[in-house]
Amino acid sequence: MSLALPCDPAVTSIAAAALSVIFLLAAWHKLRDIDSFESAAAAYRLLPAAWIRPFARLLPALEAVAGMGLLFAAIREHAAWLALGLLFVMTGAVAINLARGIRDIDCGCGSAPIPLSPFLVARNLVLAGGLIVAMQASAPRALHWLDYVTVAGGTLALLGLYAAGNELLATHTRAQEARNHA
Amino acid sequence: MNEALMVSNIILWVVVLALVVALVALARQVGILYERVAPIGALMMDSGPKVGDEAPAFDLVDLAGQAVSLGKPADRSTLLFFLSPSCPVCKKLVPILGSISRSEAAWLRIVFASDGEPAQHAELQRKAGLAGFPYVLSTELGMTYRIGKLPYAVLIDDAGRIGAKGLVNSREQIESLFAAKELGVASVQEFIDQKARA
């Protein structure tokens, strides 16, 4: 399904490429340290203990599939829907625990430990917005070489902003603690 | 005109990317700074009964059917260790706790605590070689101490007061609880704060 408004191919390509890297990196981080991810998944207290192990393997595998799929225009839309589904599950788990008042667990997003916060939900909503852009049909347009510069630059800039945002999310709680402490 | 726009576009991309790299580096440096000033030793959460308070009294029955009482004056201190079968770090700490229980046997007993299916825990107890240790299952116990993260340890002194508590991930952090109790501070964090103020 696509919205009626076709997007510029440079824009959809930037969204797809950046989200592909984000999903592949997230999958790689989780699979590389699967024990930590299992603990993080268990800490959400949503799944029976017996399901944690298979879940901790299935989720990063699906993330990797979605990340790979976003790279290929032919299956991009399906991959984007899969990624949206995964984001929905993960963000739902975060929101449920926030509603329960549980914040001091690792989100298990991969990379550095990030405690749960409403900002995490907001971040995932931004990612979901990116996925919706990525799944739009591109308007046919002859690509100029400058478009490739735009796509490369835009993708790198988005990835950098995402990394910086995660870094700030990870330190946000610590900064608050330090403020309360002083 | 067109050429001028292209040149300006490329220059702008270079500048944008340089700024993003600088932003990532700055955010990372802030993160490193917080890591450096972060407390060493077992991290203490500010919830549940406070250090120095009397430990809530519990009369429980362990997996082997033996009575275990917690939070009452006793001849030895108690290290209450909260774990779960789904926590790999907990499993890593079990042999370390075994060795601590041998070396500190004169003044310390170790009680393992968790909640959930007894069958699963009996399996964990057997596999991890914890047969000789009291192992209690009580949701109420975990709720009372507000255990949110595992592995979590609470040191109850022989007078039945909470001597120290915190999230523990290594032998050093378990020992930091002993040190905190000996020094009469709630946690190593507080000790550092006291030193800083002095």
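Below, chains carry the letters A, B, ... as their sequence lines are ordered, and counting in each starts from 1. If you're wondering where the values come from, they're calculated on a predicted model, not measured in any experiment.
The nearest pair of heavy atoms linking B:Gly31 to A:Thr171 is CA-CG2, 3.2 Å. When all heavy atoms of A:Ala164 and B:Ala27 are compared, the closest pair comes out as O-CB, 3.9 Å. The nearest pair of heavy atoms linking A:Ala157 to B:Trp13 is CB-CZ3, 4.3 Å. For the pair A:Gly160 and B:Val20, the tightest heavy-atom approach, listed with the atom from each and the gap, is CA-CG1, 3.3 Å. The minimum heavy-atom distance between A:Leu156 and B:Leu17, with the atom names listed, is CB-CD2, 3.6 Å.
Neither the backbone nor the side chain of B:Glu117 has a heavy atom closer than 4.5 Å to any heavy atom of chain A. Using a 4.5 Å cut-off between heavy atoms, A:Thr150 contacts chain B through both its backbone and its side chain. The contact between B:Val24 and chain A is made by backbone and side chain atoms together, counting heavy-atom distances below 4.5 Å. Both the backbone and the side chain of A:Leu161 come within contact range of chain B, with heavy atoms under 4.5 Å apart.
In A:Phe119, the CZ atom is not crowded: 12 or fewer heavy atoms of neighbouring residues, nucleotides or ligands sit closer than 6.0 Å.
Between the CG atom of A:Asn166 and the CZ atom of B:Arg28 there is a distance of 11.5 Å, given to the nearest 0.5 Å.
Chosen from A:Ala163, A:Gly154, A:Ala170, the residue pairing most often with chain B at heavy-atom distances under 4.5 Å is A:Gly154.
In the hydrophobic clustering of this structure, A:Val133 does not group with A:Leu127; members are Ile, Leu, Val, Met, Phe, Trp, Tyr whose side-chain heavy atoms approach within less than 4.5 Å, directly or through other members. Residues A:Leu158 and A:Leu169 fall into different hydrophobic clusters, defined by Ile, Leu, Val, Met, Phe, Trp and Tyr side chains chained together at heavy-atom separations under 4.5 Å. Residue A:Leu131 is not grouped with residue A:Met68 when hydrophobic side chains (ILVMFWY) are merged at heavy-atom distances under 4.5 angstrom, including chains of intermediate members. There is no path of hydrophobic side-chain contacts, each under 4.5 Å, that joins A:Ile114 to B:Leu23. Each of A:Leu24 and A:Ile34 belongs to its own hydrophobic cluster when Ile, Leu, Val, Met, Phe, Trp and Tyr are linked at side-chain heavy-atom distances under 4.5 angstrom.
Proximity to chain B among residues 44-62 of chain A is limited to A:Arg45, A:Ala49, judged by heavy-atom separations below 4.5 angstrom.
Using a 4.5 Å cut-off on side-chain heavy atoms (C-beta onward), B:Met6 and A:His144 make contact.
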